[in-house]
Amino acid sequence: MVITGASSGLGEATARFLSAEGASVVLGARRADRIKSLADELIRRGGKALAVPMDVIQSEQVKKFVDSAVQAHGRIDVLINNAGLMPQSPLERLRIDEWDRMIDVNIKGVLYGIAAALPYMKQKKSGHIINVSSVAGHKVRAGGAVYAATKHAVLALSEGLRQEVKPYNIRTTVISPGAVATELPNSISEPDIAESFHKFYEDFAIPADSFARAVGFAISQPEEVDVNEILFRPTRQEL
Ligand SMILES: NC(=O)c1ccc[n+]([C@@H]2O[C@H](COP(=O)([O-])OP(=O)(O)OC[C@H]3O[C@@H](n4cnc5c(N)ncnc54)[C@H](OP(=O)(O)O)[C@@H]3O)[C@@H](O)[C@H]2O)c1
């Protein structure tokens, strides 16, 4: 199981969950210390884990990351394209640097993951690619246009991928979470917006193992069953 964005939040929770279920996990993120100590902890608990520092906006680093998983395990069963950030702000604030960053990480990072894993999966005629969208991939809110655009893009890419990989017996799932307690709101730089998101997350967010269980559901189906989309929210979340 190869997971991008495994240094915190949903990726970390999924690594812990899958490792406890007996999977070998390969962890990628920029914060090398975080993935290394997570890998060490999982190994101490009897699991198999490998930490590979990488930045998803560098296609060659994503390729090396996936290649190291194949070198370690001979194949790649599941890729979870999870790395992402959410620096929300109204368009009129012109945070062009943050728009670029979201497009690079949330869209191009997912594409680079697909590019790195697909040749191996095609060759083996097996594999599962899981992309992480969001409720924001289904609903657009004022103040979140660019983030929503990136997450709509992840849905579109996932549906196109689903259709294209049929001949290769590859499964695809796009998971769209609502508010889940992670470090994600820390990526918001505008102080007023950050404050309202932190409050919203404190009031509504559910634990990150909710996402890990959704991953577990998708990957544990019989090989002929392809769970293509999962959308889940905190029970109390309206939008
Ligand atoms: N939490 C939610 O409510 C929620 C809801 C819907 C969708 N999502 C999506 O879930 C995914 C995971 O987010 P999270 O909630 O777990 O937030 P998080 O705790 O902030 O985790 C984000 C992860 O992405 C990694 N990342 C960011 N930029 C990266 C880059 N350039 N290269 C490699 N890794 C990078 C971070 O690692 P480093 O900083 O160490 O690189 C971190 O591990 C995101 O795609 C997010 O949009 C989250």
Side-chain angles (χ1 to χ4, degrees), residues 2-17 25-39 51-66 79-88 98 100-113 116 130-139 141 144 146-155 157-158 174-189 194 197-198 200-212 214-215 229-234 236-237 239:
V2 179
I3 308 170
T4 71
S7 59
S8 64
L10 306 186
E12 178 184 346
T14 304
R16 288 180 189 286
F17 178 88
V25 292
V26 181
L27 315 173
R30 291 165 306 169
R31 286 172 292 179
D33 52 333
R34 297 266 292 249
I35 50 174
K36 169 84 170 58
S37 62
L38 177 58
V52 182
M54 51 83 95
D55 187 331
V56 294
I57 72 172
Q58 307 291 340
S59 61
E60 70 288 357
Q61 289 188 23
V62 182
K63 182 166 183 331
K64 275 194 196 143
F65 169 61
V66 169
L79 166 68
I80 308 178
N81 280 314
N82 163 72
L85 73 168
M86 184 188 67
Q88 304 256 17
E98 296 185 343
D100 285 341
R101 187 114 198 111
M102 279 189 276
I103 290 165
D104 284 346
V105 175
N106 297 2
I107 303 178
K108 289 163 87 176
V110 169
L111 281 169
Y112 296 157
I130 299 180
N131 295 329
V132 183
S133 179
S134 169
V135 165
H138 297 257
K139 305 248 181 222
R141 281 183 51 257
V146 180
Y147 180 69
T150 65
K151 292 303 183 178
H152 276 71
V154 172
L155 269 195
L157 285 172
S158 303
V174 58
I175 304 185
S176 299
V180 180
T182 68
E183 297 175 16
L184 196 67
N186 296 348
S187 62
I188 303 172
S189 63
F197 264 88
H198 281 295
F200 177 76
Y201 271 69
E202 271 162 32
D203 290 347
F204 285 94
I206 51 178
D209 62 354
S210 56
F211 175 84
V215 170
E229 289 193 42
I230 298 176
L231 167 62
F232 72 94
R233 295 174 171 83
R236 296 187 314 124
Q237 181 179 340
L239 189 74

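Each residue takes its place number in the sequence, starting with 1. One-based numbering, in listed order, for ligands and for the atoms of each.
Formation of a donor-acceptor pair under 3.5 Å by the Q237 side chain with backbone atoms of A179 is found in this model. Using modelled atom types, one side-chain atom of R233 and one backbone atom of L239 make a donor-acceptor pair closer than 3.5 Å. Using modelled atom types, one side-chain atom of T4 and one backbone atom of A83 make a donor-acceptor pair closer than 3.5 Å. Judged purely by atom type and a 3.5 angstrom limit, H152 uses its side chain to pair as donor or acceptor with the backbone of A136.
Near P177, meaning under 4.0 Å from any of its heavy atoms, are these atoms of ligand 1: 5 (C), 6 (C), 7 (C). Atoms of ligand 1 found under 4.0 Å from any heavy atom of Y201 (numbered from 1 in listed order, with element): 2 (C), 3 (O). Atoms of ligand 1 found under 4.0 Å from any heavy atom of A6 (numbered from 1 in listed order, with element): 43 (O). Counting atoms of ligand 1 from 1 in the listed order, those under 4.0 Å from a heavy atom of M54 are 32 (N), 33 (C).
The nearest protein atom to atom 9 (C) of ligand 1, hydrogens excluded, is given as V132 CG1, 3.7 Å; this is a heavy-atom distance. Regarding atom 46 (C) of ligand 1, its nearest protein heavy-atom neighbour is Y147 OH, 3.7 Å. Scanning the protein heavy atoms around atom 32 (N) of ligand 1, the nearest turns out to be V56 N, 2.9 Å. The shortest contact between atom 16 (O) of ligand 1 and any protein heavy atom is with L10 N, 2.7 Å. What sits closest to atom 4 (C) of ligand 1 on the protein, heavy atoms only, is L184 CD2, 3.7 Å. Looking only at heavy atoms of the protein, atom 29 (C) of ligand 1 is closest to R30 NE, 3.5 Å. For atom 44 (C) of ligand 1, the closest heavy atom belonging to the protein is N82 O, 3.2 Å. Of all protein heavy atoms, the one lying nearest to atom 14 (P) of ligand 1 is T182 OG1, 3.4 Å.
Note on ligand 1: L85 sits outside its first shell, no heavy atom being nearer than 4.0 Å. Heavy atoms of K151 approach ligand 1 to within less than 4.0 angstrom. Under the 4.0 angstrom criterion for non-hydrogen atoms, V105 is in contact with ligand 1. No heavy atom of F211 sits closer than 4.0 Å to any atom of ligand 1.
In the candidate list S7, A205, S176, A83, S7 is nearest to atom 38 (P) of ligand 1, counting heavy atoms. Of the listed options G9, G84, G5, G84 places a heavy atom closest to atom 22 (C) of ligand 1. Of all the listed residues (G178, S8, S210, S133), G178 holds the heavy atom that lies closest to atom 5 (C) of ligand 1.
Nearest heavy-atom pair across S176 and L155 is OG-CD2, 4.2 Å.
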* Criterion side-chain hydrogen bond (donor to acceptor under 3.5 Å, both in side chains) on S187 and R101, from CA distance to verdict -> CA-CA 11 Å; S187 62; R101 187 114 198 111; over 6 Å; no
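Using a 4.5 Å heavy-atom cutoff, the side chains of V56 and F65 are not in contact. Counting heavy atoms from C-beta outward, L38 and R16 have side chains that approach closer than 4.5 Å. Between P87 and M102, some side-chain heavy-atom pair lies under the 4.5 Å cut-off. Between N106 and Y147, some side-chain heavy-atom pair lies under the 4.5 Å cut-off.
Between S134 and ligand 1, no pair of N/O atoms sits closer than 3.5 Å. Between A29 and ligand 1, no N or O atom pair is found at a separation short of 3.5 Å. When only interatomic distances are considered, the shortest N/O to N/O separation between A179 and ligand 1 does not fall below 3.5 Å.
From N131, atom CG reaches atom CD of E229 across 11.0 Å, with rounding to the nearest 0.5 Å. To the nearest 0.5 Å, the span separating CG on L184 from CD on Q88 amounts to 8.5 Å.
Using a cut-off of 4.0 Å between Lys/Arg side-chain N and Asp/Glu carboxylate O, E60 and K64 are scored as not salt-bridged.
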